[in-house]
Amino acid sequence: LKTEIGIFCQEDMGGNGMNHFLLTFEDVSTGETYPLCPKINCTHDNQDCPAYGQRYESMHYDGEYLYLVGREDPYADTQTVHVVMRQNLDGTDRKVVYRPANVPENGSFNMNMCVFKDGCIYYVGYGTVFNPETAELKNSEVVYIGDLTTGETTAIPIEFNDGSNGSTLTLR
């Protein structure tokens, strides 16, 4: 994520498919790169480091805070459900500021193709639910707006059309 103050990156920590990344910041004025971790003498190579962990689906800097889209607890042994977290630039005070509404029980929910604008996140929500009674998976894909202040979620009614020039989205 390139901003006017520098570049926020996710450095692959060679997790052998384990999705271990280090959240870093490159100061373009000095060329120096450092982890977004406030801990003194931290090795930045395990889950005790707030900058170490998952690969985030999206990042956004609003001039004050860094917003991250990913799992609230990347080490939990549960289904994947994405949330929006906000933190200070030094990695402190990370907290969830948005949880998608209507997340399926015992399922997963990913927030993809995220765009941040005017205190909201626009995203494609993709969820999968396994029904143990029928042994079927049910998928749903909807475009949403999430208000980062109130937590409200609004679905954008769209139709997926297979036109002659490819797929198109039409607002209803």
Side-chain angles (χ1 to χ4, degrees), residues 1-3 6-13 15 17-25 35-37 47 49-89 91-131 136-161 166-172:
L1 171 66
K2 189 173 185 176
T3 70
I7 302 169
F8 296 95
C9 300
Q10 300 178 84
E11 181 182 329
D12 187 350
M13 298 301 289
M18 298 298 291
N19 275 341
H20 294 150
F21 290 80
L22 186 66
L23 190 58
T24 62
F25 176 76
L36 294 179
C37 171
Q47 62 186 343
C49 174
Y52 179 84
Q54 67 183 302
R55 179 187 160 290
Y56 294 100
E57 294 302 315
S58 184
M59 293 187 288
H60 171 69
Y61 174 64
D62 71 354
E64 183 176 1
Y65 297 107
L66 181 64
Y67 292 83
L68 306 164
V69 176
R71 291 176 65 178
E72 183 174 3
D73 181 357
Y75 304 105
D77 190 24
T78 60
Q79 294 288 342
T80 301
V81 176
H82 288 159
V83 296
V84 179
M85 295 164 279
R86 184 184 78 193
Q87 71 176 41
N88 294 321
L89 294 185
T92 59
D93 198 28
R94 181 181 294 174
K95 62 183 173 183
V96 174
V97 294
Y98 176 76
R99 292 180 192 281
N102 304 322
V103 172
E105 187 176 331
N106 298 322
S108 64
F109 189 85
N110 295 313
M111 299 170 68
N112 300 308
M113 296 182 273
C114 302
V115 175
F116 291 82
K117 182 170 174 48
D118 299 329
C120 292
I121 181 170
Y122 297 75
Y123 62 95
V124 174
Y126 182 79
T128 304
V129 180
F130 177 72
N131 183 337
E136 293 179 341
L137 286 174
K138 180 182 177 187
N139 297 326
S140 74
E141 189 169 6
V142 178
V143 178
Y144 294 100
I145 302 172
D147 188 309
L148 298 176
T149 304
T150 67
E152 288 185 35
T153 301
T154 305
I156 300 176
I158 58 170
E159 292 180 16
F160 291 90
N161 300 311
S167 295
T168 60
L169 295 176
T170 306
L171 288 176
R172 290 190 277 182

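By convention here, the first residue in the shown sequence is residue 1.
Of the inter-residue distances, the one linking Tyr52 atom OH with Leu22 atom CG reads 9.0 Å to the nearest 0.5 angstrom. Note: Arg71 CZ to Asn110 CG = 10.0 Å, rounded to the nearest 0.5 Å. Interatomic distance, Cys120 SG to Glu152 CD, rounded to the nearest 0.5 Å: 9.5 Å. Rounding to the nearest 0.5 Å gives a distance of 9.0 Å between SG of Cys49 and CG of Leu23. One finds the CZ atom of Arg99 at 9.5 Å from the CE atom of Met85 (value rounded to the nearest 0.5 Å). If you take OG1 on Thr150 and OH on Tyr98, they are separated by 9.0 Å, rounding to the nearest 0.5 Å.
Checked by atom type and distance alone, the side chain of Gln10 pairs as donor or acceptor with a backbone atom of Tyr56 at under 3.5 Å. Checking side-chain atoms of Glu72 against main-chain N and O of Val96 turns up no donor-acceptor pair under 3.5 Å.
No side-chain heavy atom of Leu89 sits under 4.5 Å from any side-chain heavy atom of Phe25. Side-chain contact between Ile121 and Tyr144: absent, with no pair of heavy atoms (C-beta onward) separated by less than 4.5 Å. Taking 4.5 Å as the limit, some side-chain heavy atom of Met111 sits within range of a side-chain heavy atom of Val84. Looking only at side-chain heavy atoms (C-beta outward), Leu36 and Gln87 come within less than 4.5 Å of each other. Side-chain contact check for Phe116 versus Val69: some heavy-atom pair is nearer than 4.5 Å.
Qualifying salt bridge (charged side-chain N to carboxylate O under 4.0 Å, His left out) partners for Arg94, counting only residues two or more places apart in sequence or in other chains: none.
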Would you check, one step at a time, whether the test side chain to side chain contact (heavy atoms under 4.5 Å, CB included) holds for Asp93 with Tyr65? CA-CA 10 Å; Asp93 198 28; Tyr65 297 107; 5.5 Å; no

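A perpendicular orientation is assigned to the rings of Tyr123 and Phe109, their planes being inclined by more than 60° (bins at 30° and 60°).
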